[in-house]
Structures are given as structure tokens and as C-alpha cells.
Amino acid sequence: MNPADLSAALLTVVTGIVVRRGGTAELTVDDVALERPRNRDHGDWASNIAMKLAKSLGANPRELAQEIADAAAELEGVASVDVAGPGFINITLDAAAAGALAKTIVEQADAYGLGDLYRGVTINLEFVSANPTGPIHIGGVRWAAVGDSLARIFQSQGGIVTREYYFNDHGAQIDRFARSLLASWLGEPAPEDGYGGDYIADIAARVLTLYPGDLFHIPRDEQQEVFRAVGVELMFGDIKASLHEFGVKFDVYFHENELHESGAVNHAIDRLRELGAIYEADGATWFRSTDYGDDKDRVLIKSDGEFGYMSGDLAYYLNKRERGFERNLIMLGADHHGYVKRLMAMTAAFGDTPYVNLEILIGQLVNLVRNGEPVRMSKRAGTVVTLEDLVEAVGVDAGRYALVRSSIDSQVDIDLDLWGKKTNDNPVFYVQYAHARTHSVARNASGSGVERSAFDASLLDHETESILLGILAEYPRLLRQAAELREPHRVARYAEELAGAYHRWYDSCRVTPVGDEPVGDVHRTRLWLNDAVGQVLRNGLGLLGVSAPERM
RNA sequence: GCGCCCGUAGCUCAGCGGAUAGAGCAAUUGACUACGGAUCAAUAGGCCGGGGGUUCAAAUCCCUCCGGGCGCACCA
């Protein structure tokens with residue numbers, strides 16, 4: 001008996017009562033969704049449906065609750081139903097009904113918790129998209145961890161997900177990068193608006209070994225072009241490699257240059273023009289985005305003839321739509337939140353639905369901290385902490401977990417010294433240890449002749465067992481919620497809660513008999529529960545891109 | 001000035017209409033000749049930034065003020 005089954009049964013009960021009382025409320029399963037009460041005295045599951053319905057039925061909430069409770073008490077698998085407080089309905093399952101879940105989970109294995117919220121929906125999730133003018137710095141790392149995890153969560157709901165990286169290889173910043181490489185090679189100081197740091201010299205040297213021709217005797221602008229073309233490829237290769245090391249693999253690396261070379265940018269502007277959203281002023285071409293809720297109109301073609309920043313975004317969006325993506329999500333840092341309105345205006349102008357066909361997830365920036373003091377990062381000064389630095393200092397698991405554990409709405413401090421030294425501060429080890437422990441227990445059980453050869457759910461009647469089963473039962477809904485809200489951190493917090501409940505159960509219920517005690521069905525049944533917990537921890541950690549070790 | 005995010009235990013953060021607000025770390029005290037003590041139990045620690053409002057019910061929703069972060073270019 002899981003909460004979904006119970007909700008469905010309760011829906012039938014409540015609907016019957018509403019009809020009998022002459023009510024007109026149309027109820028769905030969501031209306032009678034059960035929650036797990038904080039306090040164990042309040043049973044396994046609780047509903048507030050009576051308080052919600054009382055007003056429209058003109059009924060006393062407690063009386064209504066009692067009527068529902070009396071009917072619900074007859075449901076199969078329900079041990080008792082109580083009315084408490086202002087009208088809560090508290091349901092306690094009998095141990096057998098609750099415990100059956102342990103077997104279900106083991107049997108469903110990796111499939112336990114999967115849902116169909118986005119069954120068949122094509123989703124394009126764009127994240128990181130850092131310019132290839134330097135290594136991925138610590139700010140981009142957050143989106144790497146969160147974005148990849150969110151992609152996995154969408155997939156758990158049946159979504160057809162493409163992880164995409166927008167490769168900004170067109171425009172002034174790339175020119176600066178090229179000039180910086182050239183300057184480094186020539187032994188000149190870095191350009192005023194260019195990039196510094198050891199990696200520039202490193203890339204410049206690698207360009208030299210890769211370039212087959214004679215770089216010394218060609219004009220300077222051709223030299224710069226060589227450094228641009230080869231340097232960007234090298235930089236991009238490095239970025240890919242460090243992302244890969246971090247466990248993040250993109251399906252598509254999209255080059256902005258393609259949009260310009262194929263004429264897609266012009267085409268996108270023409271399309272807007274046909275729709276009447278374009279005007280000319282001051283020698284520039286403007287998108288009348290204020291018609292669609294933006295704060296000001298945006299320049300698409302500057303008076304010098306160059307494309308404005310936004311023009312590429314128009315073409316890119318259309319390109320994604322032409323590739324068939326129903327939902328397009330872009331993860332951006334808080335320093336880009338000003339883009340939301342103009343991109344939504346674009347979406348509306350093209351006749352799509354803002355916040356549905358296009359969705360922008362804004363995440364707060366990370367602060368780099370050293371000994372409690374904030375550290376300013378500067379690509380130019382070369383004081384950048386990179387993804388590789390993070391992995392080197394704390395490892396992939398601890399790094400990803402720490403980054404994905406917080407809501408993206410909150411700023412996080414990254415203190416590599418602290419993270420590197422006191423890694424026990426990171427709850428990832430608490431969760432991983434719980435998982436390792438499930439394997440340790442299973443190994444031990446096997447050695448003592450305890451196998452999953454019998455299952456009697458009614459034997460899972462210890463208090464820690466009913467708590468554990470309650471948490472396990474919530475997993476599918478938790479996953480769905482994480483997907484709906486685009487909040488991977490919920491999976492991490494859930495894993496911590498489950499790990500805690502498991503450790504407490506371990507402390508009071510043994511799987512392997514002690515001493516001369518014979519192996520009984522209670523031990524065999526507990527082994528099912530043990531393995532079920534291991535399975536769910538593994539599933540959850542997998543969605544976070546964190547390993548689930550069998551030994552630590 | 002306008003916009004977005006945040007202000008919850010000493011620290012880092014969950015909870016975002018429900019019952020006595022939680023976890024980890026830090027602190028204090030206990031628990032292994034019983035499945036790994038990277039664990040568990042217990043204690044202590046909170047006017048959920050302040051003030052109004054909506055509601056049967058507000059940390060959660062609305063308004064306002066205070067404090068912090070980030071934005072508001074024919075730059076990308």
C-alpha cells in the first residue's frame with residue numbers, strides 16, 4: 001500500500017460523501033494527496049481534505065472529518081483512522097500493507113520511483129554555456145552540477161532530454177581571446193581588454209605545436225586568425241574534458257557561428273519583421289519587445305551594421321524549435337536575470353507561449369571564499385578557481401553533492417580549503433555511508449545464511465520500520481515534485497532523510513541473527529527492507545550524479 | 001529610482017498554506033568482546049529580519065519598511 005493507492009481509495013470515499021451531502025466539488029487525486037505527518041503519533045499518513053471542503057459544504061470540519069474517517073477505516077490495509085486537531089484525518093496502515101512496499105521496491109529496482117510527468121515530451125536543457133575564452137570557473141560549475149542533475153530528473157519522468165551547451169564562438173570576446181594568445185606568443189603584455197593567466201601561455205604554446213605551417217612569416221592578422229581558430233578548439237577541448245571528468249556529458253555543443261554563417265540570424269530578424277515587430281531608428285534595427293512586456297526595445301542590428309547581442313538568441317531559439325523541442329529551458333546566473341523579459345517577449349512575438357515553450361531558470365551566484373573572506377575572481381588577472389581546482393580539492397562526488405544540495409535561489413559559499421580539509425562536513429558521506437552499510441549488512445546476512453527466500457510484511461512492525469517505509473513510499477512523489485519545480489536539491493535532502501532513518505533502523509533492528517539465534521522470517525524480511533533502502537539511495541544518488549559505493 | 005533573489009538554531013542551509021518549525025556541522029553527556037562508531041541516543045540552542053493584512057490555519061500568500069546579493073548599453 002503506497003500513498004498513491006491510498007489517495008485513490010480515499011478519493012472514492014470522499015467523493016461519495018460529497019455527493020451524499022449535495023456538494024458539487026469536483027475532486028482529483030491531488031486534492032486528497034496525503035502527507036506524512038511530522039509527529040509519529042499522527043499516524044502514517046494524514047489528509048486535510050475535510051478542512052478544505054468544510055466551507056463549501058457548509059459543514060463542521062471535524063464532523064466531516066469523522067464521517068470520512070469512519071468510511072476510510074473500512075479500506076483494505078488500513079489499521080485505524082483518527083480525527084485530530086481542527087479536522088486532520090490521520091491514517092495508520094497495518095504493518096503488512098505498509099511493509100509490502102519493501103518487496104515492491106526490490107523487484108522494481110532501478111525503475112522504482114520513475115514517473116510519467118513528461119512522458120514523450122522533448123526537452124532542451126541548456127546550461128553552463130560558458131565562453132571558450134578560459135577554463136570553466138567555479139560559477140559555471142554550479143550549473144554543471146544542477147543542470148545535469150535536473151536533466152536526469154526529467155528523464156526519470158519520461159522526458160526526452162537533450163543537454164545542450166551553447167558555444168559562443170562569435171563576437172568580440174573571442175577576438176580578445178585571440179589577441180591575448182597572440183600577445184602571449186609574441187611576449188607582449190596582455191591586451192587591455194584581454195585575458196591573463198597561465199592558461200593563455202599554455203594554449204598559445206599548444207597552438208604552435210599544432211599549426212603545421214610557418215607561423216612566423218605570415219601577416220599579423222593571419223597569425224591572430226590561427227590563434228583564434230586553433231586556440232578556441234583547444235580551449236573548448238579542455239572545457240569538454242573537465243566537464244566529462246565532472247560526470248557531465250552534453251548531447252549537443254551548439255556553435256553560435258553556425259547561426260551567422262547559415263543566415264539564420266537574418267532569417268530570424270526577417271521573421272520578426274513579417275510579424276510587424278521590427279522598426280528602424282537612429283540607423284539601427286530594433287525589436288519592439290515592449291509590445292510583449294519588455295522594459296525597453298532591443299537593438300538587433302547596430303548602426304555600425306554589426307548584429308546586436310540578442311539577434312543570435314532569436315535565431316538560436318527558432319533553431320531549437322525547428323529541431324522539435326516543445327520545452328526549452330535555459331539556466332542562467334543571477335547576473336543575467338535581466339534577460340528574462342526580453343527572451344519572453346521574443347517567445348511571445350514568435351507566437352509561442354512564454355514560460356512554457358521557453359523557461360529561464362535563474363540561479364544565484366556562488367561566492368568564492370577563503371578562510372571566511374570573499375575572494376574576487378578575475379579572468380584577466382588569472383585569479384580564477386576552476387572546475388578542475390574543485391575536483392582536485394574535494395573530488396567529484398563531494399563537489400557535485402555540495403553544489404546540488406542547496407536551492408538555486410540561495411547563494412552558496414565555496415571555500416576550497418574548508419571543503420578540502422573537513423570533508424566530513426559534507427552530508428554526501430552520510431548518505432554514501434548509509435548505502436555502503438546496506439551492502440555491508442547484505443554481505444553479512446548472506447554469510448549467516450539469511451536470504452530473501454521469504455517475505456512476511458507483517459513482521460516489519462518496529463517503529464523505525466514504519467518510519468522507514470513511510471519515507472520509501474514518498475520517493476516517487478518526491479521525484480515528480482523535484483521535476484515539476486525544477487529543484488534537484490530536493491532529491492539530495494530526501495536522500496539525507498532516508499539515510500538518517502536507515503541508520504536509526506540499523507541501530508534497533510538486526511538483519512543477521514545474534515549468536516545461536518536461528519535464522520527466521522523476520523531476518524529474511526528485514527533483508528528485503530535493507531535492500532530496498534539501498535536501492536532507493538542508489539537511485540537517488542544516481543540522479544545527482546554521485547556514486548553509491550558498496551564499501552568506503 | 002526600477003526589477004529579480006535572499007534574510008529561519010552559534011555556522012551552513014531545508015521546510016514555502018496545515019498539527020509542538022527541522023537536518024548537518026559546532027557544543028555538552030552517554031552507547032560497541034552484537035550485522036563497519038564515517039553510526040546511534042540524549043541535552044542545549046529560535047519573537048522564522050521588523051510591522052501591517054488575507055485565512056478556520058502564515059516561516060510559507062499580499063502590502064510596507066530595514067538589511068544583503070545581482071541586474072537595469074547601439075558590451076558581450
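Hydrogens, waters and symmetry mates are skipped; everything else that's a heavy atom, side chains included, is used. To find a chain, count down the sequence lines: A is the first, B the second, and so on, and within it residues start at 1.
For Y292(A), the side chain to side chain contact (heavy atoms under 4.5 Å, CB included) test picks out A277(A), F287(A), A345(A), A348(A), A349(A), with sequence neighbours left out. Judged as a side chain to side chain contact (heavy atoms under 4.5 Å, CB included), and not counting sequence neighbours, the contacts of D409(A) are S407(A). Among residues two or more places apart in sequence or in another chain, the side chain to side chain contact (heavy atoms under 4.5 Å, CB included) test is passed with R176(A) by A172(A), Q173(A), R179(A), D193(A), Y195(A).
Between I89(A) and S407(A), the residue whose closest nucleotide on RNA chain B is further toward the 5' end is S407(A).
Comparing atom distances between the R510(A) side chain and each of A38(B), C70(B), A34(B) picks out A34(B) as nearest. Closest to the side chain of W286(A), from the set C40(B), C74(B), A19(B), is C74(B).
In this structure, Q66(A) and E63(A) have side chains that are not in contact, with every pair of non-hydrogen atoms separated by 4.5 Å or more. With a 4.5 Å cut-off on side-chain heavy atoms, S289(A) and K296(A) do not count as touching.
Pairs engaging residues 462-472 of chain A under the salt bridge (Lys or Arg N to Asp or Glu O under 4.0 Å) rule: E465(A)-R526(A) [sequence neighbours left out]. Sorted by first then second residue, the side chain to side chain donor-acceptor pair (under 3.5 Å) pairs that include residues 514-524 of chain A, not counting sequence neighbours, are S453(A)-R524(A), E517(A)-H523(A), D521(A)-R524(A). A salt bridge (Lys or Arg N to Asp or Glu O under 4.0 Å) check over residues 527-538 of chain A, counting only residues at least two apart or in different chains, returns the pairs R452(A)-D531(A).
Using a 5.5 Å limit on the distance between ring centres and a 30° limit on the angle between planes, the aromatic ring of Y506(A) counts as stacked on the six-membered base ring of C35(B).
Atom OH in Y401(A) sits roughly 12 Å away from atom P in C25(B) (whole-Å rounding). Rounded to an integer number of Å, the gap from CD of E497(A) to P of G22(B) is 12 Å. Across the protein-nucleic acid pair, R142(A) atom CZ and G69(B) atom C1' stand 12 Å apart, rounded to whole Å.
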Please enumerate all protein N or O atoms sitting under 3.5 Å from an N or O of nucleotides 53-63 of chain B, with distances to 0.1 Å.
from	atom 1	to	atom 2	distance (Å)
C56(B)	OP1	K55(A)	NZ	2.6

What N/O pairs connect the protein and nucleotides 41-49 of chain B at under 3.5 Å? Give each pair on its own line.
from	atom 1	to	atom 2	distance (Å)
A41(B)	OP1	R504(A)	NE	3.3

Name the pairs: protein N/O against N/O of nucleotides 2-4 of chain B, kept only if under 3.5 Å.
from	atom 1	to	atom 2	distance (Å)
G3(B)	N2	H337(A)	ND1	3.3
G3(B)	N2	H337(A)	NE2	2.2
G3(B)	N3	H337(A)	NE2	3.3

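A stem is defined here as three or more consecutive Watson-Crick or G-U pairs, each with both distances under 3.5 Å; for RNA chain B these stems are B:1-7 with B:66-72, B:10-13 with B:22-25, B:27-31 with B:39-43, B:49-53 with B:61-65.
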Can you give the donor-acceptor pairs under 3.5 Å from side chains of residues 308-315 of chain A to other protein atoms, not counting sequence neighbours?
from	atom 1	to	atom 2	distance (Å)
S311(A)	OG	G308(A)	O	2.7

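Of the side-chain N and O atoms in S410(A), one or more sit less than 4.0 angstrom from OP1 or OP2 of A14(B).
Nucleic acid contact class of H503(A) (heavy atoms, under 4.0 Å, all strands): sugar-phosphate only.
Of the residues in residues 477-495 of chain A, H489(A), R490(A), R493(A) come within less than 4.0 Å of RNA chain B through at least one heavy atom, sorted by number.
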